[in-house]
Each structure stands twice: as structure tokens, then as C-alpha cells.
Engineer: 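The structure is given below, and queries will be raised subsequently.
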Amino acid sequence: MTYTVLIVAGGKGLRMGSDLPKQFLPIGGKPVLMHTIEAFHHFDRTMKIILVLPQEQQTYWQELCAKHSFVIEHTVVDGGETRFHSVKNGLACVNSGLVGVHDGVRPFVSPEVIKRCYELAAIKKAVIPVIDVVETVRHITETGSETVSRNDYKLVQTPQVFDAELLKQAYAQEYTPFFTDDASVVEAMGIPVCLVEGNRENIKITTPFDLKISSALVNV
């Protein structure tokens, strides 16, 4: 079974308060994005890695690869107007097998989570990693707010892994703002999505606080 991962990195760093896109910010001496690519390469050195990156950031990425002697083989594809369109662009380079879609700014996904997602996707066709909600959750209503059971909710991570043909069919649908991740696109076709346990360290780096956590995690 062929394994492919689309690593989507279209961030502009606005919430980070930085002129440098968050996927290029350094942790442990090298850009976040390099750590992310390494996580999948170390899991399976035969995995096809497709990096979806805004066209205007690609020259800088090439410069970073040269600076850090980063030689892990990967294909760079132009990003789109939205995450949906970026994934769709990446899927044009995928033929068959299993394809995962992963956020470029989630460098701490564990090999166990990657393994669980791909192995179950070979059977169930659509798999996403999730973690428990550990804090109290409130639902905003027209009259105020109310506590809801946190046991009824999960926090979603990536990689979200699918049968490649299924995901390509899903992304042939017309875009809507409701499509916030790949699972929502697949579910719009009436396809159920299976959940597997993620890892809490698999944070999405979007704020300066996340960057501080990342600096600690990379040294563990």
C-alpha cells in the first residue's frame, strides 16, 4: 500500500505577531516545517511527501533548505486561496493508496499516531486522530451560555488519512466555508469518519505561547 502525506503550510504568522510565516519560525535550531517533514520521513522513509506552500514563499523555503542542508526528498506544490484549494492542488499529485493531510505547523505528531491513522485507514477509508477535552465546555446560546458535557466532544488533530480515490472524489465537490478540515469534506459525501487516539503533544503552533511550548517539547 502506497503512503503519501500532503503537508499543508499556508500560514502568514498574523496571530504569531511575526512578519515571518509561522511554518518558518525556528524551534530547536531549524524551521518548524522541517521538524514536521522529518516526523513523516522518520516514520516511513518510502513515504511520498508533498509540501503545499504558497508560491510566494517557495524561494525562501529553498533558501532555508540550502542553509540547513535539508535534503529529505519532497515535492512542492502551489497553495490555493483556502486550505480546501491547497489540499485540492496537492491531491493532483496523488494517484492511489492512502493519503494523509497534515498541518505544517504540527511538528510533534508521534510515530504511533501516524501508524494508527494509516493502518486503520487501509480498512476504514477515513480516519482522524482526536484527543479528549480536559476543560469545562460552555455552549453560547441566544440568552447566554450553558455547560455541556465535555465527554460529548473531541479535539481534532492531523494527519487525517483517507483512501486516496475517496479523498479526490470528496475534493471534487464545490467549496463551502463549512469545510474546515478534510473530515468535513468527506462527511459531506455521507462517508463516516473513524476516530483514533491522537497525542497531546501534537499541538498546532499558532501563537507565541505555542512557540514557547514547542521550544520545551523539542528539547525533551
Side-chain angles (χ1 to χ4, degrees), residues 4-45 47-87 89-90 93 100-114 117 128-131 135 155-161 180-182 198-220:
T4 300
V5 63
L6 305 182
I7 297 178
V8 183
K12 296 180 172 62
L14 299 179
R15 280 179 287 182
M16 191 66 72
S18 169
D19 292 333
L20 188 65
K22 55 196 175 184
Q23 57 265 24
F24 300 142
L25 291 172
I27 54 172
K30 59 187 171 186
V32 169
L33 191 51
M34 291 184 182
H35 290 278
T36 305
I37 291 174
E38 285 175 346
F40 287 88
H41 179 69
H42 292 160
F43 168 72
D44 182 351
R45 294 180 184 275
M47 178 177 284
K48 182 178 181 180
I49 299 172
I50 299 172
L51 173 60
V52 187
L53 196 64
Q55 191 173 35
E56 64 272 17
Q57 297 177 8
Q58 292 176 16
T59 297
Y60 184 62
W61 172 245
Q62 292 170 0
E63 293 171 355
L64 286 175
C65 288
K67 176 182 177 181
H68 293 274
S69 300
F70 188 75
V71 295
I72 294 176
E73 185 176 351
H74 62 282
T75 301
V76 179
V77 174
D78 291 347
E81 180 181 355
T82 68
R83 186 184 188 280
F84 175 92
H85 296 96
S86 291
V87 173
N89 288 353
C93 298
V101 184
H102 189 70
D103 298 320
V105 289
R106 287 188 189 269
F108 300 113
V109 60
S110 72
E112 293 80 13
V113 170
I114 298 174
C117 290
I128 64 173
V130 299
I131 58 173
E135 300 186 26
L155 300 179
V156 177
Q157 300 181 331
T158 63
Q160 300 187 4
V161 184
T180 55
D181 68 352
D182 312 287
N199 65 296
R200 191 159 294 280
E201 301 84 2
N202 186 17
I203 63 171
K204 186 176 183 181
I205 301 173
T206 56
T207 68
F209 180 69
D210 299 330
L211 202 60
K212 291 180 181 179
I213 294 174
S214 299
S215 296
L217 287 173
V218 81
N219 291 317
V220 170

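By convention here, the first residue in the shown sequence is residue 1.
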Engineer: Could you check whether any side-chain N or O of His102 sits under 3.5 Å from a backbone N or O of Gly100, counting only pairs where one atom can act as donor and the other as acceptor?
Structural biologist: no

Engineer: Just how far is it from atom CG of Asn89 to atom CZ of Phe84, taken to the nearest 0.5 Å?
Structural biologist: 10.5 Å

Engineer: Roughly how far, to the nearest 0.5 Å, is the CD1 atom of Ile37 from the CD1 atom of Ile7?
Structural biologist: 5.0 Å

Engineer: Knowing that exactly one of Ile128, Val101, Val109 qualifies, which makes a side-chain contact (heavy atoms from CB on, under 4.5 Å) with Pro159?
Structural biologist: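 When side-chain contact (heavy atoms from CB on, under 4.5 Å) is applied between Pro159 and each of Ile128, Val101, Val109, only Val109 qualifies.
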
Engineer: Between Ile27 and Phe108, does a side chain to side chain contact (heavy atoms under 4.5 Å, CB included) hold up when you go through it step by step?
Structural biologist: CA-CA 11 Å; Ile27 54 172; Phe108 300 113; 3.8 Å; yes

Engineer: So do the side chains of Phe209 and Ile203 get within less than 4.5 Å of each other, counting heavy atoms only?
Structural biologist: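 Answer no - side chains too far apart.
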
Engineer: Where do Val52 and Gly79 come nearest, in terms of heavy atoms and distance?
Structural biologist: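 What the structure gives for the nearest pair is CG1-CA, 3.7 Å.
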
Engineer: Ignoring hydrogens and geometry, is there a side-chain-to-backbone donor-acceptor pair from Lys30 to Phe70 under 3.5 Å?
Structural biologist: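 Here the side-chain-to-backbone pair does not exist.
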
Engineer: Taking C-beta and beyond as the side chain, do Leu64 and Met34 meet within less than 4.5 Å on heavy atoms?
Structural biologist: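 In short, these two side chains touch, coming nearer than 4.5 Å.
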
Engineer: What I want to find out is whether Arg83 reaches Asp182 closely enough, with some N-O distance under 4.0 Å, to be called a salt bridge.
Structural biologist: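 Here Arg83 pairs with Asp182 in a salt bridge, since their nearest N and O are under 4.0 Å apart.
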
Engineer: Starting at CG of Leu53, measure out to CG of Leu33 and round the result to the nearest 0.5 Å.
Structural biologist: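 Atom-to-atom, Leu53:CG and Leu33:CG are 7.0 Å apart.
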
Engineer: Between the main-chain N or O of Thr158 and the side-chain N or O of Asn202, is there a donor-acceptor pair closer than 3.5 Å?
Structural biologist: yes

Engineer: Do you know the tightest heavy-atom contact between Gly198 and Ile131?
Structural biologist: C-CG2, 3.9 Å

Engineer: Nearest 0.5 angstrom please: Ile49 CD1 to His41 NE2, how far?
Structural biologist: 7.0 Å

Engineer: Can you confirm whether Leu211 sits close enough to Ile205 that some side-chain heavy atom of one is under 4.5 Å from a side-chain heavy atom of the other?
Structural biologist: yes

Engineer: Heavy atoms only: give me the nearest Ser215-Val218 pair and the separation to one decimal.
Structural biologist: O-CG1, 3.4 Å

Engineer: Check whether Gln157 reaches the backbone of Asn199 with its side chain - one donor and one acceptor, N or O, closer than 3.5 Å.
Structural biologist: yes

Engineer: Out of curiosity, His35 NE2 to Ser214 OG, how far, rounded to the nearest 0.5 Å?
Structural biologist: 9.0 Å

Engineer: If I compare all heavy atoms of Val161 with all of Cys117, which pair ends up nearest, and what's the gap?
Structural biologist: CG2-CB, 3.6 Å

Engineer: Are side-chain heavy atoms of Lys22 and Thr206 found at a separation under 4.5 Å?
Structural biologist: yes

Engineer: Quick one: list whatever passes salt bridge (Lys or Arg N to Asp or Glu O under 4.0 Å) with Arg106, sequence neighbours left out.
Structural biologist: Asp103

Engineer: Taking all non-hydrogen atoms of both residues, which atom of Pro129 and which atom of Val113 are closest, and how far apart?
Structural biologist: CB-CG1, 3.9 Å

Engineer: Give, for atom CZ of Phe40 and atom NE2 of His74, the distance between the pair rounded to the nearest 0.5 Å.
Structural biologist: 14.0 Å

Engineer: Considering non-hydrogen atoms only, spot the tightest contact between Gln57 and Ala9 and give its length.
Structural biologist: OE1-O, 4.2 Å

